Amino acid sequence: MQALVLGGFVVSGVAPWLHRLMGGRAALLLALWPAAILAWLLGQWSGVVAGEALVSEWAWMPALDVSLTFRLDGLALLFALLIVGIGGLVLVYAGGYLRGHSQLPRFLVLFLVFMTAMLGLVLADNLVALFVFWELTGLSSYLLIGFRHTDPLARQAARQALLITTGGGLALLVGLILLAQAGDSWSLATLVTRGDTLRAHPLYPCLLAGILLGAFTKSAQFPFQFWLPNAMVAPTPVSAYLHSATLVKAGIYLMARLHPALGGSVAWTLTLVLVGGVTLVLGAVMALRQTNLKLMLAHSTVMALGVMTLLLGVGTRTALTACLVFLVAHAFYKGALFLVAGILDVSTGTLDITAMGGLRHALPGTALVAALAALSLAGLPPTLGFVAKEQVWATLLTSDPWGGVALAALVPAAGLMVAVAAIVAVRPFFGPPVATPRAPRSRPSSLLLGAAPLATLSLLAGLGPGVLDGLLSAALSAIGAPGEAPHLALWHGFGWPLALSLGGLLLGWLAFRHWDRLRGWLEVGLAPWVARGPEVWHAALGWRTLQLAEWQTRWLQNGHLRSYLAIILMSWIGLVGQALVVHHGLPGWPSSGIQAFEGMVAGLMAVAAVTACLVRSRLAAVAALGSMGFAIALTFVLFSAPDLAITQLLVETLTVVLLALVLFRLPHFTRLSSFRQRWRDLGIAGLAGGLVTALMLAVLDGERLPRISDWMVSQGQPLGHGRNLVNVILVDIRALDTLGEVFVLALAATGVYAMLCLRAEESSWSSPAP
Amino acid sequence: MVKSGTLILGVAAQLLLPLQLLFSVFLLLRGHDTPGGGFIAGLVAAGGFALYLFAHGRRALTALLRIAPRDMVGLGLLLGVASTLPAWWRGEPFFTAQWWTLPPFGVALSTPLLFDLGVYLVVLGALLTAITALVEIDQDDVPS
Amino acid sequence: MEALLAVIVGILFAAAVYMLLRRSIVKLVIGLMLLSNAANLLVFVTAGLRRGAPPLVPEGLAAPPSAVADPLPQALVLTAIVISFGVLSFAVVLVRRAWELVRTDDLDRLQDTDR
């Protein structure tokens, strides 16, 4: 299974090469890849429906408990079928839609990468792998939205989508880590069995918030819904595939997948029902405000996602069934409608519905596809959309106490969807012909080849919804609602669901008839709300962040080394000093004998250091440093460190050599700071020095843990065959450290040498010396 | 300023250099048992060469060395890395010290010694690179 | 003696910080030298001092007969001394080149000399 999924990355890698070889037809050939996966998935159908989950394990980072284990259960199969099925069709479509486009290879690569990532996302069993695929889908979505990267609007929309979804992704990461902590496992299959533990865990509110933030941003729930309509600047195949059929369902997938682990609590139900309800109403109303076909469809997608979230929030078995059926129906009809929008766009050169009309003669096939898909969108028989809608009504009528609230939101929204469906299917194709920017003409057959199967599936699945029973049952048991298979049927007889459908239909018909007036009213009435909506918050947040960054850069990073140092040192003094005083108290004064000679050596060191700071002559400063170095060497001699003493002496000698070479080539000491600055610096220096002393006293004062060097002393000779323990440590026990240090030394030498080379290069550039 | 040309310094450097080098090799080889080792030996040798450099100038030093100091650094690093490998070959963890005794003379050879030699070369090479670089800058600056 | 040396290390640190905060570029280098010496001494002193017991094993024995000075900080400081010399030479050459190119030793003016 890993090879099947990850092979997609390889296939996407050869896509540009294939394109060079056979041009636009490469897309058709590449569509064979999702077709192959589809065939394999269908082969697993019977096993999965029978309740077996196909698991294929692959340790990735076993030490961190991260694996690339894939698990094909009912839910995963449902999503995987949609992903590769629609993916293949859209790929065929895209080959025609972007024919001759110079960036087609790039599109193919990104599209296949996205498809593979999405497939990995729904199959992954490990939380880390899931997150990696999750982010990969977001990243490829970003690149696909910004596909027309010369358009500033596309870049802006892409950036917005990236910021929002990866921002949510960060929250999701936190949520997933907390989930793993609380559930004590990184495996989804294990976590879903620990629902009771998780819901009672003190971390539950935090992890729920993180995960829901991730899911809401991805699935365009209020108040993050605005990125989705903006993402419509992407090429239409992207809108059809990513932004209606698959990517935006990732959040729904995640919530469904984690439903048995997290769902059922009051917080879960309340949040999902409220957010889903607001989103769906908002999406339905906003959809009618648009005249751009794609934007209208995008808002209706937002509405659909709201419905699914709401149903997940209600969370009963029938609600979950309704959610899944609706998800499948939506993927079919919305994908088809987007593809129709793309066909209209390339045929007529516009996406404005009010600028189209009477196209049924020029584009008969397209009109048929649009009509079929719109039937499903409107929830009319005999399509899958009708089945789904009846299921939703039946669910909400029987579930308390949320059903009533949800119905109040959903019935008008459904009515508005009927209006949207009618507008989409009727306005462009019927009525008197309207002059479009380009004379409508038939387009490559591959366009229709991509769109027609989706519309046909809407119809076929509606006529015989029983096909889905087994799969739904398996998917339901995967999300914690096992039981006997649901029986989907086109005709449920007369009853409240049908009455609600009829009510919605009536409302929709009215809205359709008076759409122009309604739109004008919505346009004016909603304008102040849109101007203060979440999109504006987002923009303001981004702008404020930039302002803050600019301000703090000007304040903190002013380019003066000494102010950086001063800030770093003051923070260090403040934080470490506080920790020292609070956790340790002021250190005592260890009493130990001082011999007069040692005292003199120490005094010499201090005097030399202070002298080096005070003198005005460079030579005197170097001399002072030299005597300090020799005093340190003497200290090493006094306290049993012969190797150190020798090294220090030699280095001091070489330092003198080095400084003798450069000292008089260096500028003189100059006094540049003001009196006040000097005192301020002296204050910082004094505090830093005092803190170092205090820390050292605290260390000397404190308890000693057993030393690792005791082992080194006892084993140096037997194991290291050396009697000079310092050298044994250097070249044997801690040789890897020494190797690193030697590399540092080599690096310094290389730097010195590089500065020489640079110089030779520059001197050849500069004008000849006088 | 670099080439002093003093006779006494010149002769002294000429005489001291072999002694210092000999001493540095002694420190290197005995470093495992008595104070010394690659770092110290490298510093001693660098001191000797620096004295020679002051007495006779950079050209004379380059002629004497025959190998560029930066190549010495590279060689040293190579030796250091090479000393990590025999343990692998023997199937032990990376960097485990290996000891061999060469039969005819009873000379002990070991990877720590090889490693110390690498350290020696790097220290010597790095210091000489820095010092000769500075001397070169000077000579370019001073109009001859 | 440790306590006294702790105070001395504090003084060295203070002197180093004071020099690092100066605008003159040469003083910065002096501050760097002071800082590396102070840090070496800090590691050496905080590990505890011992008189007249170098970490050497007498010939014929497997371990020192009595307690010896801690060899580990000595090994760490030994490499640190050599490396700080390498860094010093790098800094000195860098300062030397900067002075040559821009003819200013005022760090505040260095940022205006980007070409």
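Just so it is clear: chains get the letters A, B, ... in the order the sequence lines come, proteins before strands, and each one is counted from 1. Quantities reported herein were computed from a predicted structural model and do not represent experimental measurements.
Heavy-atom contacts from other residues, nucleotides or ligands closer than 6.0 Å to CD1 of B:I8 number 12 or fewer. Counting heavy atoms of neighbouring residues, nucleotides and ligands inside a 6.0 Å radius, atom CD1 of A:I708 does not exceed 12 of them. More than 12 heavy atoms of other residues, nucleotides or ligands shown are found within 6.0 angstrom of CD on B:Q14. Environment of CZ in A:R618: crowded, with over 12 heavy atoms of neighbouring residues, nucleotides or ligands closer than 6.0 Å.
Heavy atoms of B:L127 lying under 4.5 Å from chain A belong exclusively to its side chain. Residue contact with chain B, scored on non-hydrogen atoms closer than 4.5 Å, is absent for A:V726. Residue contact with chain B, scored on non-hydrogen atoms closer than 4.5 Å, involves the side chain of A:L654 exclusively. Contacts between A:A746 and chain B at a heavy-atom distance below 4.5 Å involve backbone atoms as well as side-chain atoms. Contact of A:L730 with chain B is made through backbone and side chain together, with heavy-atom distances under 4.5 Å.
In terms of non-hydrogen atom pairs under 4.5 Å with chain A, the most contact-rich of B:G125, B:A126, B:G76 is B:A126. Most heavy-atom pairs under 4.5 Å with chain B, from the set A:L745, A:L719, A:T647, A:L739: that is A:L739. Interface summary for chain A: among B:T34, B:V73, B:T96, B:L113, the most heavy-atom pairs under 4.5 angstrom belong to B:T34. The most heavy-atom pairs under 4.5 Å with chain B, out of A:T738, A:L658, A:T653, come from A:T738. Most heavy-atom pairs under 4.5 Å with chain B: of the set A:P642, A:G751, A:A735, this distinction falls to A:A735.
Taking each heavy atom of B:L77 and A:F743 in turn, the nearest pair found is CD1-CE2, 3.7 Å. Annotation for A:I646 and B:P35: closest pair CD1-CB, 4.1 Å, computed over non-hydrogen atoms. Here the closest non-hydrogen pair linking A:V752 and B:A133 is CG1-CB, 3.7 Å. Taking every heavy atom of both residues into account, B:W99 and A:D732 meet most closely at CZ2-OD2, 4.4 Å. Taking all atoms of both residues into account, the shortest heavy-atom contact from A:V731 to B:H32 is CG2-CE1, 3.4 Å. Smallest separation of non-hydrogen atoms from B:A50 and A:V657: CB-CG1, 4.3 Å.
In terms of modelled atom types and a separation under 3.5 Å, the side chain of B:D33 and the main chain of A:R723 share a donor-acceptor contact.
Contact residues of residues 40-47 of chain B toward chain A are B:I40, B:L43, B:V44, B:A46, B:G47 (heavy-atom distance under 4.5 Å).
For residues 66-90 of chain B, the pairs satisfying ring pair (Phe, Tyr, Trp, His ring centres under 6.0 Å) are B:W88-B:F94, with sequence neighbours left out.
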Kindly indicate, with the supporting measurements, whether the criterion side chain to side chain contact (heavy atoms under 4.5 Å, CB included) is fulfilled by B:F39 and A:L650. CA-CA 10 Å; B:F39 280 100; A:L650 289 167; over 6 Å; no

